[in-house]
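What follows is one structure encoded as structure tokens, with my remarks underneath.
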Amino acid sequence: GAVVSQHPSRVICKSGTSVKIECRSLDFQATTMFWYRQFPKQSLMLMATSNEGSKATYEQGVEKDKFLINHASLTLSTLTVTSAHPEDSSFYICSASRQEETQYFGPGTRLLVL
Amino acid sequence: AQSVTQPDIHITVSEGASLELRCNYSYGATPYLFWYVQSPGQGLQLLLKYFSGDTLVQGIKGFEAEFKRSQSSFNLRKPSVHWSDAAEYFCAVGTGELSFGAGTTVTVRA
């Protein structure tokens, strides 16, 4: 149990376009979903926390207008990188949890902006 | 404020040898502690967690960790490593929002 999926696993896009990443909890209802960004050979950096049906809470320094997060249901959260630029290229990982319990992570999405 | 320190950036171990990864934490209350493993290009997989109770926790893939409140530590151990254990290991602390250590890269030599 506790499987989290992400789609797509990797995406290449042109600068200025928007990219949507989906995060799904497949076998449980996630009250909270988290979005992280990971740079090569570094730890995870929390971008935002989202609870179903409410606005996401963004970490300091993360642009909420650039990284749009929607948590429409207890099994789906989306991260949209708007007007992507090369510096947005990174590995994005989501996680999901129930009631402040263990976070279960998705496999990650590799974004490359050309 | 909560924080995690993993003192070892990189550890190389021979296949079949024992492995210990160190983790020290700072947390204002009783911590929830986690160890995750990440293979290259992959997400994080939960190895084990400590919430309360027995301070020696058994996890998947033959890993165990011991919570020592007096030392603020939660070190991860495996008696005999396999080549497939080569990966990045992250210690994390928190309830709800997690704080991650910088990670320890484990290399396994034949």
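Within every chain, numbering begins at 1; the chains are lettered A, B, ... in the order of the sequence lines, protein sequences first and strands thereafter. If you're wondering where the values come from, they're calculated on a predicted model, not measured in any experiment.
Identified under the disulfide (SG to SG under 2.5 Å) test for residues 37-110 of chain B, with sequence neighbours left out: B:C23-B:C91.
Proximity to chain B (any heavy atom under 4.5 Å) is shown, for A:Q6, by neither the backbone nor the side chain. In this structure, chain B has a heavy atom under 4.5 Å from the backbone of A:Q42, while its side chain stays farther away.
A:Q103 places a side-chain heavy atom less than 4.5 Å from the side chain of B:Y36.
Residues A:L44 and B:F34 share a single hydrophobic cluster, defined by chaining ILVMFWY side chains whose heavy atoms lie under 4.5 Å apart. Under a hydrophobic-cluster definition in which Ile, Leu, Val, Met, Phe, Trp and Tyr are linked whenever side-chain heavy atoms come within less than 4.5 Å, directly or via other members, A:M33 and A:M47 are assigned to different clusters. Hydrophobic clustering, with ILVMFWY side chains joined whenever heavy atoms are under 4.5 angstrom apart, groups B:V4 together with B:V57. No chain of hydrophobic side-chain contacts below 4.5 Å, direct or via other Ile, Leu, Val, Met, Phe, Trp or Tyr residues, connects B:Y32 to B:V37. Linking Ile, Leu, Val, Met, Phe, Trp and Tyr residues whenever their side-chain heavy atoms come within less than 4.5 Å leaves B:Y27 and B:F90 in two separate clusters.
The environment of CZ in A:R10 is sparse: at most 12 heavy-atom neighbours from other residues, nucleotides or ligands sit within 6.0 Å. Atom CD1 of B:I9 has 12 or fewer neighbouring heavy atoms from other residues, nucleotides or ligands inside a 6.0 Å radius. In this structure, B:H82 places its NE2 atom where more than 12 heavy-atom neighbours from other residues, nucleotides or ligands lie under 6.0 Å away.
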>> Set out, in order, the CA-CA distance, both residues' side-chain angles and the distance that settles side chain to side chain contact (heavy atoms under 4.5 Å, CB included) for B:Q38 and A:I93, then state yes or no.
In response: CA-CA 12 Å; B:Q38 184 180 33; A:I93 308 176; 3.8 Å; yes

> After noting the C-alpha distance and the side-chain angles of A:T102 and B:F51, does the key distance pass the side chain to side chain contact (heavy atoms under 4.5 Å, CB included) rule?
Replying inline: CA-CA 10 Å; A:T102 306; B:F51 286 359; 3.6 Å; yes

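B:L46 and A:Y104 make their closest contact through CD2-CE2, 4.2 Å (heavy atoms, listed as atom of the first residue, atom of the second, distance). Scanning both residues, B:G96 and A:F34, for their nearest heavy atoms gives O-CZ, 3.4 Å.
Contacts between residues 52-85 of chain A and chain B, counted as heavy-atom pairs separated by less than 4.5 Å, involve A:E59. Contacts with chain A (heavy atom to heavy atom, under 4.5 Å) involve these residues of residues 98-110 of chain B, listed by number: B:L98, B:F100, B:G101, B:A102.
Ranked by heavy-atom pairs under 4.5 Å with chain B, the first of A:G108, A:P107, A:S9 is A:P107.
Atoms OG1 and CD, from A:T49 and B:E97 in turn, are 5.0 Å apart once rounded to the nearest 0.5 Å. Here the straight-line distance linking atom CD of B:Q42 with atom CZ of A:F91 works out to 7.0 Å at 0.5 Å rounding.
The other residues sharing a hydrophobic cluster with A:L114 are A:I12, A:L112, where clustering joins ILVMFWY side chains under 4.5 Å apart.
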